[in-house]
Number of protein chains: 2
Amino acid sequence: MIKKKYTIHDLARELDVTASTVSRALNDHPRISEKTKKKVFETARKFGYEPNTLASALRRGKSNTIGIIVPFIDRSFFASVIRGVEEETKKAGFHVTICQTHEKLEDEIQSIQTLLNARVSGMIISAAKESTNFDHLKALQDKGISVVLFDRLINSLDNCSVVIDDFLGAYKAVEHLIRQGYTRIAHFTGPEKISIYKERLRGYQSALEDYKLPINKKWIIEMNSQVSEGRKGICRLLKGKQRPDALFSSSDFSALGALQVLKEQNISVPDEFGIVGFSNEPFTQYLDPSLSSVDQNSNKMGHIAAKLLMEQINGDTMSDIAQKIYLKPELMIRQSSKRSKT
Amino acid sequence: MIKKKYTIHDLARELDVTASTVSRALNDHPRISEKTKKKVFETARKFGYEPNTLASALRRGKSNTIGIIVPFIDRSFFASVIRGVEEETKKAGFHVTICQTHEKLEDEIQSIQTLLNARVSGMIISAAKESTNFDHLKALQDKGISVVLFDRLINSLDNCSVVIDDFLGAYKAVEHLIRQGYTRIAHFTGPEKISIYKERLRGYQSALEDYKLPINKKWIIEMNSQVSEGRKGICRLLKGKQRPDALFSSSDFSALGALQVLKEQNISVPDEFGIVGFSNEPFTQYLDPSLSSVDQNSNKMGHIAAKLLMEQINGDTMSDIAQKIYLKPELMIRQSSKRSKT
DNA sequence: TTGTAAGCGTTATCAT
DNA sequence: ATGATAACGCTTACAA
C-alpha cells in the first residue's frame, strides 16, 4: 500500500484557506496570524505532511543542496572533511551531494556540471591534482555560484578557501626534531607544482635556517606519497656520503616506507634516527614505533568550509571579501621522534 | 557577469518548434525525426544548454538522486562503500546524497525523512547500531521507495541487501589458524544483538567443530571494537588457567590491542600466538607484525548495492523478489598468523 | 512526426 | 492578514 503524499493544497482545503496562506504559515511568514500558523502546523502534523523540496527548489531557483567535490571519497583526509561538512550543513537544513574526480580534470568538470544542473546552492571543492587549468572554476564565479575551496589552493582564484597552514605545520615538525637534538634533517617532498608541498618545503627550510642548520640539497627528495617511494628515498639517503639523522616527510606513507627500511637495517628509531610525517593518517598511531605526524584538523576543516559556504550563500558580510582561512595544524608527537635525551 | 541559463523554450524559439519537440529530442524519443534531433542537439550545444534536473524531477516525481545513509562517513569501510556507490551510480546519471546517523536511531529517522523530501529515487542504508525498531524502514517499503540494505542486516525486513558472508569469513579465518597448527583458538566477539557478530561467532564455532577442536566458553569474550577492549581481553585470556595459542577477533581494533599486549609481554606473534582480525582496516597491513584479516570487499559492496538499487528503480525483474546477496570475503594472510611450521 | 495544454508543488507578486 | 494568479522548467497525454 503506497501512502499518498499530501501537499499544501490538501492542507489548504482542510483548513478552508488558500495554499499561499499555508505556504506562508509553514515558512513562518511575519504577517500570518499566530492562530492560523498554529492551525496549519497542527494539521500538517496530523496529515504527516512533508514539503516537496524539489518544487520549492524549482520555484526559488535554489535547492538546499550543497555539492562537495573531492579526488577520492575514501581517503581518510577527505572522508573526514566530508564528515565535517555534513555535520555542519545538516544543522542548517542543507544536504550534501558528493562527487569524486579520481584526480582527473575531466571528472572535475563533469562533476561541476552535474552539480550545476542540480542547482546546488554552493560547492566545496578540493581541486584534482591534474587540474592546472582553472577555467571551469572561474566560470563558477561568473555564474555567481558560491564556492569554497579547501586543501588544494588555487592562487589565481580569489575564492574563499580553507587550508591548513602547511608552512607552519612543517616548521613545527622540523623545529621539534631540532629540539630533540637531531641536526641533519632530510626532507621528502611532493610534486613541486602542488602548493601544499611547496609550503611544507618552505617550512622545512625556514626552520633549518632559523636554527642555523645546513640545508643540504641532497637531503631533499621529491617523490609521490607512497610507501615504496619512501623506501627508495631512505635508501638513497643512507647510501649518501653525508648521512642525515632525521627525516621530515611530507607524507605519512613515504615516512612509513622510511621507517620500515630503518627497522630492517636495525637503525633505531628514534634513538639513531628521528622521523616526523604529515597528515596524521590513522595508521600512524598504530605503528611500532608510532609515527609522529602533523595533524590536519580535517574534521574541523570540513566544518569551517561549510560555515563559510553558508555565509556566502546567505549573503552574509564576512565573505564578501573573499578570504583564505589558514587552520593551525597540530603536531602529534609520538615515539618516532621522541628521543631519550642524548 | 552572470550568464543566463537557457531553457528548452529558448531552444524551441530558436528552432521554430515547440518545447515539447525539444524535450522529446533531448530525451531521444523514438518518434522524433533524426533530422530534428540533430538540429536540437546542435543548438543545445551552441547555446550551452543544460537541463534543469530539478524541474524534470518535479515533473516526473522522481529525482535522479539516490541517498546513502551510514553511521559515519569517515569509517574506512563506509567511505569505501560510498566510493563504490558513487562510481556505479554516476555511470547511470544518478548522484549521491549522503547522511550520517552517528549510530543514532533518531538521526536515522531524520535522514530518511530528508531524503524522502528530496524525492530521492532510492536509498542505500546501513542501519545504525542503535536501531532495534525498524518501523521507519518498513514505512519506506510501504511508500514504495526502493531500498538496498548493506552491512547491517535486518532479518525482519525482506529488502534487497548486500552483506559479506560473515560466517564464511570467520570460518576461513579460523580454519587458516587451525591449519597453521594452532589448536587453542580464542575469539573476540561483539554485541550479541548485532547479526554480523553472531555470524562470525557461528563461523568460529563451526570451524572448531569441523576440526574437532574444543570450544571453550572462557575463550569467547564479548567486547566493543576498540583497541583498549582488546588489550583487556587478551590479558584475561593470558591469565586464565587454560591459555589459548591463537585469537580470531571480530574486529581489527581489538585484535590490535591484543597484539600490542603480546608484544609487550614478549610473546612472539605468530610463533607462540597467532592472530587474525576482521575488516582489513587499512592499518593492519602496516603493523609489525602485519595483521592477518578478513577483507570485506567494501568497494565492491558499494558497486553491487548501487546496481541492485538501480535495478529496483528501473523495475527490472531480478529485484522483484527481494534478495540478499552474500559477498565472498577474502582472507588476507599476513605475518600475524603465518607460522613457520612447527 | 510534431503541437497543445495541463500539471508537478511551491512561492512571489499582486491585490484586497 | 489572506486570497488569486502566475510562474519556475520540464514532461506527457491527447490531438492533429
Side-chain angles (χ1 to χ4, degrees), chain A residues 2-41 43-44 47-65 93 116-121, chain B residues 2-41 43-44 47-65 93 113-114 116-121 143-144:
Chain A
I2 295 183
K3 259 200 230 154
K4 191 193 172 313
K5 278 263 168 200
Y6 290 99
T7 72
I8 49 173
H9 292 103
D10 298 319
L11 301 185
R13 203 175 315 118
E14 172 81 7
L15 290 165
D16 229 11
V17 291
T18 60
S20 346
T21 305
V22 176
S23 171
R24 285 192 268 248
L26 255 18
N27 289 308
D28 205 24
H29 189 103
R31 32 197 225 241
I32 289 286
S33 74
E34 286 305 319
K35 213 177 68 188
T36 19
K37 272 185 197 167
K38 207 170 152 192
K39 275 199 305 187
V40 169
F41 275 110
T43 51
F47 277 45
Y49 165 78
E50 288 295 338
N52 186 328
T53 48
L54 242 43
S56 161
L58 173 61
R59 182 60 240 251
R60 293 189 336 224
K62 270 203 181 302
S63 73
N64 46 175
T65 300
L116 238 30
N117 293 351
R119 302 298 188 274
V120 295
S121 298
Chain B
I2 295 181
K3 260 201 230 153
K4 191 194 172 313
K5 278 263 169 199
Y6 289 100
T7 72
I8 49 173
H9 293 101
D10 297 321
L11 301 185
R13 206 175 313 117
E14 173 80 6
L15 290 166
D16 229 11
V17 291
T18 59
S20 358
T21 306
V22 175
S23 170
R24 284 192 267 249
L26 256 17
N27 289 309
D28 206 24
H29 189 102
R31 33 197 226 241
I32 290 286
S33 75
E34 285 306 320
K35 214 175 68 187
T36 11
K37 272 185 196 169
K38 208 171 150 189
K39 276 200 302 186
V40 169
F41 276 110
T43 51
F47 278 43
Y49 166 78
E50 288 294 339
N52 186 328
T53 47
L54 243 43
S56 158
L58 174 60
R59 180 58 237 252
R60 293 188 336 226
K62 271 207 180 302
S63 74
N64 46 175
T65 300
Q113 198 53 65
T114 308
L116 238 30
N117 293 350
R119 301 300 187 273
V120 295
S121 298
K143 289 198 175 116

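As the structure is a prediction and not an experimental result, all values here were calculated from the model. Residue numbers start from 1 in every chain, and the chains themselves are labelled A, B, ... in the order their sequence lines are given, proteins ahead of strands.
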**Q.** Listed partners of A:Thr53 passing side chain to side chain donor-acceptor pair (under 3.5 Å), at least two apart
**A.** none
Q: Applying side chain to side chain donor-acceptor pair (under 3.5 Å), name anything that partners B:Thr43, two or more places apart in sequence or on another chain.
A: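 With sequence neighbours excluded, B:Thr43 shows a side chain to side chain donor-acceptor pair (under 3.5 Å) to no residue whatsoever.
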Q: Tell me, please, which residues at least two apart from A:Phe47 pass ring-ring contact (aromatic ring centres under 6.0 Å, His included).
A: A:Tyr6
(Q) So if I take the C1' atoms of five pairs at each end of the helix from C:dT1-D:dA16 to C:dT16-D:dA1 and get each local axis, what angle do the two axes make, rounded to 10 degrees? (A) 30°
**Q.** For DNA chain C, the residues among residues 49-58 of chain A that have a non-hydrogen atom under 4.0 Å from it
**A.**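 By residue number: A:Tyr49, A:Pro51, A:Asn52, A:Ala55, A:Ser56.
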(Q) List the residues meeting side-chain contact (heavy atoms from CB on, under 4.5 Å) with A:Arg119, not counting sequence neighbours, and say none if there are none. (A) A:Asn117, B:Lys5, B:Asn52, B:Leu54
By salt bridge (Lys or Arg N to Asp or Glu O under 4.0 Å) - contacts of [X] (at least two apart):
{"X": "B:Glu14", "value": "B:Lys46"}
{"X": "A:Arg13", "value": "A:Asp10"}
{"X": "B:Lys39", "value": "none"}

Q. Which heavy atom in B:Ala19 sits nearest to a heavy atom in B:Ala12, and how many Å separate them?
A. N-CB, 3.6 Å
**Q.** Smallest separation among heavy atoms of B:Ala57 and B:Ser63, with atom names
**A.**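 Nearest heavy atoms, B:Ala57 then B:Ser63: CB-CA, 3.5 Å.
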Can you list, pair by pair, the side-chain donor-acceptor contacts under 3.5 Å of residues 22-32 of chain B, counting residues two or more places apart and other chains?
unit_1  : atom_1 : unit_2  : atom_2 : d
B:Asn27 : ND2    : B:Ser23 : O      : 3.0
B:Asp28 : OD1    : B:Lys37 : NZ     : 3.0

Q. With the sugar-phosphate defined as primed atoms, P, OP1 and OP2, and the base as all remaining atoms, what B/S/- string results for nucleotides 1-6 of chain C, 5' to 3', for protein heavy atoms under 4.0 Å?
A. BBBBBB
Q) Under a criterion of less than 4.0 angstrom to any heavy atom of chain B, what are the 5'-terminal and 3'-terminal contacting nucleotides of DNA chain D? A) D:dG9 to D:dA13
